Asker: 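Could you have a look at this structure, given as structure tokens, before my questions?
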There are 2 protein chains.
Amino acid sequence: MQELFQNFQIRVNDKLYIKDPESSELGKRIVENSILLMDEIGFESFTFKKLSDKINSTEASVYRYFENKHKLLIYLTSWYWAWIDYQVVLHTYSISNAEKKLETIISIVSQTIQADDSFTHIDEGRLFNIMINEYSKSFLTKEVDDDNKDGFFAIYKRVITRLKEAILAVRPEYPFPASLASTVVESALHQHFLKKHFHTITDCNESVEPSEFCKNLVLQTLNVTSQ
Amino acid sequence: MQELFQNFQIRVNDKLYIKDPESSELGKRIVENSILLMDEIGFESFTFKKLSDKINSTEASVYRYFENKHKLLIYLTSWYWAWIDYQVVLHTYSISNAEKKLETIISIVSQTIQADDSFTHIDEGRLFNIMINEYSKSFLTKEVDDDNKDGFFAIYKRVITRLKEAILAVRPEYPFPASLASTVVESALHQHFLKKHFHTITDCNESVEPSEFCKNLVLQTLNVTSQ
DNA sequence: CAAATATAATAGTAATACTATCTTAAATAA
DNA sequence: TTATTTAAGATAGTATTACTATTATATTTG
């Protein structure tokens, strides 16, 4: 349970920022509005100039918090994974049945996230859109190995590891638990994207959620018959 | 079989370029070297200036072939999918057994590609690296819907549809054939990436290929016992 | 009240992502 | 053969991006 409370206030790797945005009003406005702006115009068009105009501040002030927009993206996506990790621990720690636990984790990592006002300045719904559209860009770079060494993807890997362990708890002899876990997490976001933009290559739509597919995929793969 | 021969000389949507790069020596050098340079320095650092320096030409000349580097990326990735589509048709048209056919398609879309000198100026091995590291960036943009309307992703969708049909041939009652097909194709590239950069969240390594996992995933999901 | 700190305001730079124009060289058509 | 089209090289220029640096002002804290 200790892991849970360490993460409870959504703590992110402190090398991701120059000055902790949670430590000031301006910092919170930067995070809050960067989510809105990035969702609105996309990561490529997003600049610190546009953001600072939006919040009536200056480029130089934003640069005092984040080195560049790539670090900001990793900050935001790490925040998301920390939040998911928290949800996973919260909703599964009392579940003793391995299959039920696995299903719960899959639900959490693949469900559509709507806004939630538990964490005031962060709009989880809009952040979820960023996850769908921009998450891959945080690691598909020439700097991945350095970033990874700095621990920027630690929380993401922890979420996947939890899923992997839940898979193993159900089927200890399954030979690809890590690959299945990483596939499901990636695929969940991808199916959400396809639903919006490439409906011919997905079965997800208004009535079929990506999480339905994801659950079915894992349970069939592990040969769990109790569906 | 007609589809096959239409695609035999790897034809790509002609809105992707201003002047067909296959129509001139310079055009071929642009394509050839853009693959090498993009693999080397990554899509973000890649510029038409650097490319034109590499081929001893000028920025303006490169712009006569491609509108911008994003169109070039879609051109390269479309070329890849057309090539994969060709491989799929070539290696499956004589297979009558549905399960054998499905396994063959999965192998083709998930195997590690090495250089092949059948198409002189294109290094498929290097292009495969680009697919692993940059493919998602071709559609994770605010312009996806416009690009999709222009048919830029048609060949990619055709490959996925072929896989979907092969899935349905094996198990017509399976409820998520399109999602499974798109997941496998995406996951294959992703597992190759993880193998290189995040080995803790994949089971793929020097001895276990992503295609092994992909085949197992689909066959288990469809409950094909003859493994 | 003094000192430290945060932020705003402003300026400046190199690189990027283009567009435009002009010249030369080569291919082709009359 | 000459005229004409076309391709490509050479050069220049612009707005935007991704920063860095400096100074001034306002606020907090000791």
Side-chain angles (χ1 to χ4, degrees), chain A residues 14-34 37-38 40-76 121 134 137-138 140-143 146-147, chain B residues 14-34 37-38 40-76 121 134 137-138 140-143 146-147:
Chain A
D14 63 11
K15 279 189 188 171
L16 284 170
Y17 47 77
I18 295 166
K19 182 186 160 137
D20 186 359
E22 288 301 311
S23 71
S24 75
E25 265 317 301
L26 181 63
K28 284 176 195 162
R29 275 199 297 145
I30 288 172
V31 169
E32 179 185 0
N33 288 280
S34 65
L37 186 60
M38 206 180 281
E40 202 183 313
I41 65 175
F43 183 68
E44 281 72 29
S45 298
F46 177 94
T47 67
F48 280 180
K49 182 74 180 61
K50 289 175 189 166
L51 174 62
S52 54
D53 285 350
K54 190 182 172 82
I55 61 176
N56 293 314
S57 181
T58 62
E59 235 184 315
S61 296
V62 176
Y63 273 105
R64 256 177 236 115
Y65 286 84
F66 293 99
E67 221 177 300
N68 53 52
K69 69 170 175 174
H70 189 248
K71 288 264 168 74
L72 171 59
L73 177 63
I74 305 183
Y75 177 91
L76 296 177
H121 64 294
E134 324 289 0
K137 299 170 194 170
S138 73
L140 293 178
T141 67
K142 283 283 163 184
E143 297 81 35
D146 291 334
D147 289 353
Chain B
D14 62 12
K15 279 188 187 171
L16 284 170
Y17 47 77
I18 297 167
K19 183 186 158 137
D20 185 359
E22 288 300 312
S23 71
S24 76
E25 265 316 300
L26 180 64
K28 284 177 196 163
R29 273 198 299 145
I30 288 172
V31 168
E32 179 185 0
N33 288 281
S34 65
L37 185 60
M38 206 179 282
E40 202 183 314
I41 66 175
F43 184 68
E44 282 71 30
S45 298
F46 177 94
T47 67
F48 280 180
K49 182 74 180 61
K50 289 174 189 166
L51 175 61
S52 55
D53 284 349
K54 191 182 171 80
I55 61 175
N56 293 313
S57 180
T58 62
E59 235 183 315
S61 296
V62 176
Y63 274 104
R64 261 178 226 117
Y65 285 84
F66 293 100
E67 222 177 301
N68 52 54
K69 69 171 176 173
H70 189 249
K71 287 264 169 73
L72 171 59
L73 177 63
I74 305 181
Y75 177 90
L76 296 177
H121 63 294
E134 324 289 359
K137 298 170 193 169
S138 74
L140 293 178
T141 67
K142 284 283 163 183
E143 297 81 36
D146 291 334
D147 289 353

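Since the structure is predicted, the reported quantities are computational estimates derived from the model, not experimental observations. Lettering follows sequence order; numbering is per chain, from 1.
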Asker: Which whole-number value in Å describes the distance from Tyr65(A) OH to dT7(C) C1'?
Answerer: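 For the pair Tyr65(A) OH and dT7(C) C1', the rounded distance is 8 Å.
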
Asker: With no hydrogens and no angle check, is any side-chain donor or acceptor of Lys19(A) less than 3.5 Å from a backbone partner on Tyr63(A)?
Answerer: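 A pair under 3.5 Å: no.
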
Asker: Side chain of Ser57(B), heavy atoms from C-beta onward: which of dG9(D), dC19(D), dT7(C) has the nearest atom to it?
Answerer: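 Nearest to the side chain of Ser57(B) among the choices is dG9(D).
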
Asker: Rounded to whole Å, how long is the line connecting atom CD of Glu25(B) with atom P of dG9(D)?
Answerer: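 To the nearest whole Å, that distance equals 12 Å.
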
Asker: For DNA chain C, whose closest nucleotide is more 5', that of Lys69(B) or that of Ala60(B)?
Answerer: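 On the 5' side of the pair lies Lys69(B).
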
Asker: Using a 4.0 Å heavy-atom cut-off across all strands, classify Glu67(A) as base, sugar-phosphate, or nothing.
Answerer: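 Touches sugar-phosphate only.
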
Asker: Are OP1 or OP2 of dT7(C) and a side-chain N or O of Lys19(A) less than 4.0 angstrom apart?
Answerer: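 For dT7(C), OP1/OP2 do have a side-chain N/O of Lys19(A) under 4.0 Å.
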
Asker: Is it possible for you to check whether Lys69(A) lies under 6.0 Å from the centre of the six-membered ring of Phe43(A), through NZ or CZ, and within 45° of that ring's axis?
Answerer: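 Satisfied, under 6.0 Å and within 45°.
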
Asker: Expressed as a whole number of angstroms, how long is the span from Ile55(B):CD1 to dA7(D):C1'?
Answerer: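 My rounded result for the distance is 14 Å.
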
Asker: Over all strands shown, is Phe48(B) touching base, sugar-phosphate only, or nothing at heavy-atom distances under 4.0 angstrom?
Answerer: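 Touches nothing.
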
Asker: Rounding to an integer number of Å, can you tell me how far Glu59(A) CD sits from dT22(D) P?
Answerer: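 Nearest whole value for this atom pair: 17 Å.
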
Asker: Taking OH from Tyr63(B) and C1' from dT21(C), how many angstroms apart are they, rounded to a whole number?
Answerer: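 So the OH-C1' distance, Tyr63(B) to dT21(C), works out to 17 Å.
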
Asker: Verify the contact: side-chain N or O of Lys50(A) to OP1 or OP2 of dT17(D), cut-off strictly under 4.0 Å; return yes or no.
Answerer: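 Result: yes.
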
Asker: Which whole-number value in Å describes the distance from Ile41(B) CD1 to dA15(C) P?
Answerer: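 Taking CD1 of Ile41(B) and P of dA15(C), I get 14 Å after rounding.
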
Asker: Considering only NZ, NE, NH1 and NH2 on the basic side and carboxylate oxygens on the acidic side, decide whether Glu67(A) and Lys71(A) come within less than 4.0 Å.
Answerer: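 Salt bridge between Glu67(A) and Lys71(A), a charged N being under 4.0 Å from a carboxylate O: yes.
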
Asker: Leu51(A) CG to dA18(D) P: how many Å, rounded?
Answerer: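 Distance, rounded to whole Å: 12 Å.
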
Asker: Rounding to a whole Å, what distance do you find between Arg64(B):CZ and dT11(D):P?
Answerer: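 Atom CZ in Arg64(B) sits about 14 Å away from atom P in dT11(D).
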
Asker: Identify whether the distance between the nearest side-chain nitrogen and carboxylate oxygen of Arg29(A) and Glu32(A) falls below 4.0 Å.
Answerer: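 Between Glu32(A) and Arg29(A) there is no salt bridge, as every charged N stays at least 4.0 Å from the carboxylate O atoms.
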
Asker: So, OP1 or OP2 of dT7(C): does either fall under 4.0 Å of a side-chain N or O from Ser24(A)?
Answerer: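 Indeed, a polar side-chain atom of Ser24(A) lies that close.
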
Asker: Does the pair Lys142(A)/Glu44(B) count as a salt bridge with the N-to-O cut at 4.0 Å?
Answerer: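 Looking at Lys142(A) and Glu44(B), the cut-off is not met.
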
